[in-house]
J.: 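Could you have a look at this structure, given as C-alpha cells, before my questions?
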Protein chains: 2
Amino acid sequence: MLLSKSCVYGVQAAIYMASLPRNEYVSIQEIAGKLNISFHFLTKVLQNLTQAGLLVSYRGPNGGVALARHSSAISLADVIDSIDGSDVFKECLFGLPGCGVADPCPAHEHWTTMRSRLHHLCSTLTLEELGKRANQLNVRLANAHGPMNPAKLLATMNGNVDATAV
Amino acid sequence: MLLSKSCVYGVQAAIYMASLPRNEYVSIQEIAGKLNISFHFLTKVLQNLTQAGLLVSYRGPNGGVALARHSSAISLADVIDSIDGSDVFKECLFGLPGCGVADPCPAHEHWTTMRSRLHHLCSTLTLEELGKRANQLNVRLANAHGPMNPAKLLATMNGNVDATAV
DNA sequence: CAAATTTCAGATAAACTACTCTTAATACAA
DNA sequence: TTGTATTAAGAGTAGTTTATCTGAAATTTG
Ligand code: SF4
Ligand code: SF4
C-alpha cells in the first residue's frame, strides 16, 4: 500500500468531519464508531493532525476534534503529509536512498511523471470536495468491518451485522 | 512505499540480468554483491521468480539464475505480480476491503484513473527497455549502501566506501 | 568417488507496523 | 466540590516484514 494504515484512517476521519453539515467538535469515539476504526488507535492518529495544526481539539464533555480551517482550505495532501510525512510524493517506486536526476535508475523518467500527477491530484483535492462526495448516495467512508477481535468475530459469525457503518 | 522491499529487490535483480550482454546463468551471489542486497534474502526473493516461471535456475558450479524468456517478453508488472501479488494495481489508495464501483469512496474516480495509468506503464515497460537504460551512462541500479549491519556501519565511519556498487 | 559451488528449504532473530491498554490531564455539569 | 466525559501520552502486545543463519540437495570439476 502506498499509504500506511494510520494515514488512511486519518484521511477517512478528515473526510468524515468535512462531510458534516457544520464544522463542530466531534468526539473521536463517534468518528471511530462510524468508521469502524479502533478508538485508541484513531486517537493517536488524530493527535498527529492536531499537532500539525489541521485539527483543533477540546477536552472534556462535549469536546472532541474539529477542522482547524475551512474544509476548502485543507487538501488531501495536507492530511497525508501530516501523518506519513511529505516523502510519500517524493520517494520513488523503488525507495532507493539518495535518488535524483543526476544518478537515476532506469525507471526514473517514467515514474516521476506519474508521481507528480499523483501529487498534483492530492494537493488540489480538498476536504470540502471529498466531504461533498461522501454525502452523495452510494458513497461510503467506513471500513467494511473494522479491525477484528475475538468478540467481533463471534458477533459476525452469529449473524450480527455492525449497524454503526455509514 | 507502494512496493515491498522484497519486490524492489526482485525488480532490481531482474533489470540487472536484463542489462547483461547475453542471457546466461548468473549466480545470486554476484547479483547480491553488485546490488548491495543481502545474499540470503535475495535468494528467497528470486525463488519466487523462478517458481513463477520468470527465471530458470541451475544448481552447482557455474549455475545460477537466468531469465526464462527474452527480456522483451517480461514486463515490470510481471515481476511485481510474482512477488507482491497482482493486488498492487488493483487495490486502492485507501486499501479498503470490498471496494468497487457500486460502493465507492469519495476519491475513487480520481484514484482509478491514476491507478490504471500506473498499471499500463508497468505492463508495457519491458525488462529489455529497462536493461538498456541501465547500461547507459549515469544510470544506476544498486542500493547506495545496502542493508546496514554494525560491521558495515563501522567501516563507513572509518571512510571505507563499499566498492561493490555499480 | 570426493570436493567445491550453487540453489533450495526451513529455522531463527531483529525491526517495524498495527493495535491495545493504562494512566494522566482537562473541562464541563450537577 | 465531585463525578464524568473527553483528549493526551505513553507503555505494552501481537503480527508481519525483513534479514540472517544453517543444513540439505543438486551439479560440476578433478
Ligand atoms: S532514480 Fe528515480 S525512479 Fe529510480 S529509484 Fe531513484 S527516484 Fe526512484
Ligand atoms: S472506492 Fe475506490 S478509491 Fe475508495 S477505497 Fe475503494 S477502491 Fe479505493
Side-chain angles (χ1 to χ4, degrees), chain A residues 1-10 12-13 17 24-33 35-52 54-66 68 83-85 95 143 145-153, chain B residues 1-10 12-13 17 24-33 35-52 54-66 68 83-85 94-95 97 143 145-153:
Chain A
M1 263 208 304
L2 183 64
L3 303 178
S4 72
K5 228 161 182 182
S6 300
C7 191
V8 171
Y9 290 163
Q12 288 179 280
M17 285 189 272
E24 54 195 353
Y25 284 101
V26 192
S27 78
I28 298 180
Q29 226 159 17
E30 176 186 329
I31 304 176
L35 302 182
N36 265 316
I37 302 173
S38 153
F39 163 69
H40 291 285
F41 195 64
L42 184 60
T43 292
K44 274 200 156 180
V45 173
L46 296 192
Q47 269 175 38
N48 288 341
L49 294 184
T50 55
Q51 279 162 12
L54 261 54
L55 302 181
V56 287
S57 66
Y58 206 82
R59 287 196 267 200
N62 302 320
V65 289
I83 298 173
D84 270 0
N143 295 300
H145 301 295
M148 272 298 174
N149 55 43
K152 265 193 194 170
L153 195 61
Chain B
M1 263 207 307
L2 186 63
L3 303 177
S4 73
K5 225 160 182 182
S6 299
C7 190
V8 170
Y9 290 162
Q12 288 179 279
M17 285 188 273
E24 53 194 354
Y25 285 100
V26 191
S27 78
I28 299 180
Q29 227 160 13
E30 175 186 331
I31 304 176
L35 302 183
N36 265 316
I37 301 174
S38 152
F39 163 67
H40 288 100
F41 194 65
L42 184 60
T43 293
K44 278 200 152 182
V45 173
L46 295 192
Q47 269 176 35
N48 288 341
L49 294 183
T50 56
Q51 279 162 13
L54 260 53
L55 301 181
V56 288
S57 65
Y58 207 82
R59 288 194 268 200
N62 303 322
V65 289
I83 298 173
D84 269 1
F94 304 139
N143 296 300
H145 301 293
M148 271 298 173
N149 56 40
K152 266 192 194 170
L153 196 60

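Chain letters run A, B, ... following the sequence lines, proteins first and then strands; every chain starts at 1.
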J.: Using atom CD1 of B/Ile31 as one end and atom P of C/dT6 as the other, report the distance to the nearest whole Å.
T.: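 The distance from CD1 of B/Ile31 to P of C/dT6 comes to 12 Å, rounded to the nearest Å.
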J.: Quickly work out the B/Tyr25 OH to C/dT7 P distance and round it to whole Å.
T.: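 Going from OH in B/Tyr25 over to P in C/dT7 covers 11 Å.
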J.: Could you check A/Val65 against A/Lys44 and say which one's nearest nucleotide on DNA chain D is further toward the 5' end?
T.: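 By nearest-heavy-atom nucleotide position, the 5'-most residue is A/Val65.
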J.: With a 4.5 Å heavy-atom cut-off, do A/Phe41 and A/Ser6 have their side chains touching?
T.: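 In contact.
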J.: How long is the line joining CE of B/Met17 and P of C/dT7, in whole Å?
T.: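 Distance check: B/Met17 CE to C/dT7 P gives 11 Å.
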J.: Counting only side-chain N and O atoms of B/Thr43, is one of them less than 4.0 Å from OP1 or OP2 of C/dT7?
T.: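 B/Thr43 to C/dT7 OP1/OP2: no side-chain N or O under 4.0 Å.
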J.: Indicate whether OP1 or OP2 belonging to D/dA19 is found under 4.0 Å from a side-chain N or O atom of B/Lys5.
T.: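 Answer yes for this pair, as a side-chain N or O of B/Lys5 is under 4.0 Å from OP1 or OP2.
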J.: The side chain of B/Ser38 is closest to which nucleotide in this list: D/dA19, C/dC19, C/dA9?
T.: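 Looking only at heavy atoms from C-beta outward on B/Ser38, the closest nucleotide is D/dA19.
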J.: Verify the contact: side-chain N or O of B/Gln29 to OP1 or OP2 of C/dT7, cut-off strictly under 4.0 Å; return yes or no.
T.: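 For C/dT7, neither OP1 nor OP2 has a side-chain N or O of B/Gln29 closer than 4.0 Å.
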J.: Looking at C/dA18, D/dT7, C/dG10, which one has an atom nearest to any side-chain atom of A/Ser27?
T.: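 Of the options given, the side chain of A/Ser27 lies nearest D/dT7.
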J.: Might you list the N or O atoms of the protein lying below 3.5 Å from N or O atoms in nucleotides 23-30 of chain D, with each pair's distance?
T.:
residue, atom, partner, partner atom, Å
D/dA26, O4', B/Arg59, NE, 3.3
D/dT27, O4', B/Arg59, O, 3.4
D/dT27, O3', B/Tyr58, OH, 3.4
D/dT28, OP1, B/Tyr58, OH, 2.9

J.: Please report, rounded to the nearest Å, how far the P atom of C/dC19 is from the CG atom of A/Leu35.
T.: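 Taking CG of A/Leu35 and P of C/dC19, I get 14 Å after rounding.
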J.: CG of A/Leu46 versus P of D/dA8: gap in Å, rounded?
T.: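 In whole Å, D/dA8 P lies 9 Å from A/Leu46 CG.
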J.: Side chain of A/Phe39 only, heavy atoms from C-beta on: which candidate in D/dA11, D/dT7, D/dT20 is closest?
T.: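 Shortest atom-to-atom distance from the side chain points to D/dT7.
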J.: Between atom CD in A/Glu30 and atom C1' in D/dA5, what is the gap in whole Å?
T.: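 It is 14 Å, rounded to the nearest whole Å.
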J.: Would you kindly compare B/Leu3 and A/Gln47 by the position of their nearest DNA chain D nucleotide and give the one closer to the 5′ end?
T.: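 Upstream on the strand: A/Gln47.
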J.: For B/Asn48 and C/dG10, what is the distance between atoms CG and C1' respectively, to the nearest whole Å?
T.: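 Rounded to whole Å, this separation is 14 Å.
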J.: A/Gln51 has an atom CD; how far is it from atom P of D/dG10, in whole Å?
T.: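 So the CD-P distance, A/Gln51 to D/dG10, works out to 9 Å.
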